[in-house]
Engineer: 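Questions regarding the structure given below will be posed in turn.
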Amino acid sequence: MWFWLSLIALLCWSGSDLFSKIGCQGEDDHLAHLKMVIAVGTVMGLHAAFEIFVGGTEISWSVIWTYLPVSLLYIGSMTLGYLGLRYIELSVSSPICNSSGALVAVMTLLFVGGEDYSPLALGAIVLVCVGAIGLGVVDATEDPELRAARQAEGNRKYSKSFLALALPVAYCLLDAAGTFADNRVLETLDEGSANCAYELTFLFAAVVCFIYVVFIKKDRLLPKREAPKYIGAICETAGQFAYIYAIADTSHLAMSAPIISSYCAASVLWSRLFLKEKLSWKHYLMILLIVIGIAVMGMLDI
């Protein structure tokens, strides 16, 4: 079951990437990243209410406080990721951000051990990790002419800067720490309760951002500009729901984490199809490695 949950998270989060990029790329909206937090927190809050009052999920202050460090790592990383979308292409940002799964796999093998994994399973993990990290390397070392051609096609211009690359790298580090800590915490918490705790914490962050954006900065929330953010928020919430059950399977964490993080491969494809960001053969080679690794992991789970 962990494999199919991982794939659902992959598809939903790649959709979240696409719509978050559309919602945050406005050059004249300097608070777009906080508005994205408002959107995600609102949708997650509604889902938490449904799970608690309809689904019967138990929640308490004890669960919220226990899961709070993990929630803060995730919310912090996502906020930085949304901010970074203003400065860098999705096809560059997503692979760098989602190399976090590779870090989680390495951390798991180092601190938990890999004795239970066959050589074929370890090879599949390596393929996915190499593909995810390779996408970031390809973009970082990309030919300037190809980069210029891609940006011209998408009618947007970005220039490499420390901030543009530092934000997705910061996301990667925080998200990897959150994922590894998440798996450890879920050994003592029910997955549904933990997910509701995360969603309620995100709702609180959304309220704080709403007060800052609307009442302090006196900015407006225009429905036409906010719509992509809420579509992205729905994808994010659905992906989170599948993700938390996927990584709760401790025995398969070193495989599920790389699969989920490889949603950057789908994000790169969406960026090519819908945002007109061009790709090179190196991009497609890295994506192929990821797909092969995922296929092998799926076969091993059958």
Side-chain angles (χ1 to χ4, degrees), residues 1-21 40 43-44 47 74 78 81 90-91 94-95 97-105 108 117-118 120-136 172 175-176 178-180 182-183 186 191-192 194-195 198-199 231-274 283-302:
M1 191 65 180
W2 67 269
F3 177 72
W4 299 111
L5 289 170
S6 298
L7 283 184
I8 292 172
L10 181 154
L11 293 173
C12 288
W13 277 350
S14 65
S16 176
D17 258 3
L18 174 63
F19 288 103
S20 298
K21 174 62 176 178
V40 175
V43 174
M44 285 194 173
H47 181 257
Y74 284 148
M78 291 172 65
L90 177 60
S91 60
S94 186
C97 288
N98 295 292
S99 295
S100 59
L103 294 181
V104 173
T108 302
Y117 294 95
S118 68
L120 186 58
L122 293 174
I125 293 171
V126 170
L127 281 177
V128 174
C129 292
V130 168
I133 296 174
L135 276 171
C172 173
D175 190 64
T179 301
F180 188 76
D182 204 353
N183 185 257
L186 286 176
E191 293 89 344
N195 192 48
Y198 170 64
E199 292 180 328
I231 296 175
I234 292 172
C235 292
E236 178 66 36
T237 303
Q240 172 65 25
F241 185 75
Y243 155 84
I244 199 164
Y245 285 98
I247 70 163
D249 188 340
T250 306
S251 62
H252 291 99
L253 178 62
M255 297 173 77
S256 61
I259 289 177
I260 295 170
S261 72
S262 67
Y263 74 82
C264 62
S267 297
V268 171
L269 290 177
W270 304 154
S271 71
R272 174 64 183 98
L273 293 174
F274 300 108
H283 290 90
Y284 289 114
L285 177 60
M286 295 301 106
I287 292 173
L288 178 62
L289 293 180
I290 292 172
V291 171
I292 293 174
I294 291 175
V296 171
M297 291 183 193
M299 290 173 62
L300 292 175
D301 191 51
I302 294 175

Engineer: Can you sort out the partners of F241 under side-chain contact (heavy atoms from CB on, under 4.5 Å), two or more places apart, ordered by chain and number?
Structural biologist: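 Result, side-chain contact (heavy atoms from CB on, under 4.5 Å) vs F241: H47, E51, N195, Y245.
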
Engineer: Please name the pair of heavy atoms, one in C12 and one in C235, separated by the smallest distance, quoted to 0.1 Å.
Structural biologist: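 In terms of heavy atoms, the two residues are closest at O-CB, 3.2 Å.
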
Engineer: Could you walk me through whether Y263 and I290 pass the side chain to side chain contact (heavy atoms under 4.5 Å, CB included) test, one step at a time?
Structural biologist: CA-CA 9 Å; Y263 74 82; I290 292 172; over 6 Å; no

Engineer: Please give me the minimum heavy-atom distance between L289 and G131, naming the atom from each residue.
Structural biologist: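 Smallest interatomic distance, heavy atoms only, reads CB-CA, 4.4 Å.
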
Engineer: Work out which heavy atom in S256 is nearest to a heavy atom in A246; give both atom names and the distance.
Structural biologist: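 Closest approach of S256 to A246: OG-O, 4.0 Å.
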
Engineer: Taking E236 as the fixed residue, which of I231, V43, V40 is the one that meets the side-chain contact (heavy atoms from CB on, under 4.5 Å) rule?
Structural biologist: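 For E236, the side-chain contact (heavy atoms from CB on, under 4.5 Å) check succeeds only for V40.
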
Engineer: Out of curiosity, S271 OG to L90 CG, how far, rounded to the nearest 0.5 Å?
Structural biologist: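 Interatomic distance, S271 OG to L90 CG, rounded to 0.5 Å: 5.0 Å.
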
Engineer: Taking side-chain contact (heavy atoms from CB on, under 4.5 Å) as the criterion, tell me which of D182, L5, I8 meets it with Y243.
Structural biologist: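 One option only clears the test, and that one is D182.
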
Engineer: For the atom pair CH2 (W2) and CG (L7), what is the distance rounded to the nearest 0.5 Å?
Structural biologist: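 If we round to the nearest 0.5 Å, W2:CH2 and L7:CG are 8.5 Å apart.
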
Engineer: Which residues pass the ring-ring contact (aromatic ring centres under 6.0 Å, His included) test with Y198, not counting sequence neighbours?
Structural biologist: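 Partners of Y198 under the ring-ring contact (aromatic ring centres under 6.0 Å, His included) test: Y74, F202.
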
Engineer: Is S20 reaching over with its side chain to a backbone N or O of D17, donor-acceptor style, under 3.5 angstrom?
Structural biologist: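 Between the backbone of D17 and the side chain of S20 there is no qualifying donor-acceptor contact (under 3.5 Å).
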
Engineer: Would you say that F274 contacts K21 through its side chain, given a criterion of any heavy-atom pair below 4.5 Å between the two side chains?
Structural biologist: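 No. Closest side-chain heavy atoms not under 4.5 Å.
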
Engineer: Rounded to the nearest 0.5 Å, what's the gap from CZ on R272 to CD1 on I287? Could you check?
Structural biologist: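 One gets 11.5 Å once the value is rounded to the nearest 0.5 Å.
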
Engineer: Minimum heavy-atom separation for L186 and A194, please, with both atom names.
Structural biologist: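 Of all heavy-atom pairs spanning L186 and A194, the closest is CD2-CB, 3.5 Å.
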
Engineer: Do you know which two heavy atoms are closest between G232 and S16, and how far apart they sit?
Structural biologist: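 Taking every non-hydrogen atom into account, O-OG, 3.2 Å.
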
Engineer: What's the spacing between I244 CD1 and E191 CD if we round to 0.5 Å?
Structural biologist: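 Between atom CD1 of I244 and atom CD of E191 there are 7.5 Å.
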
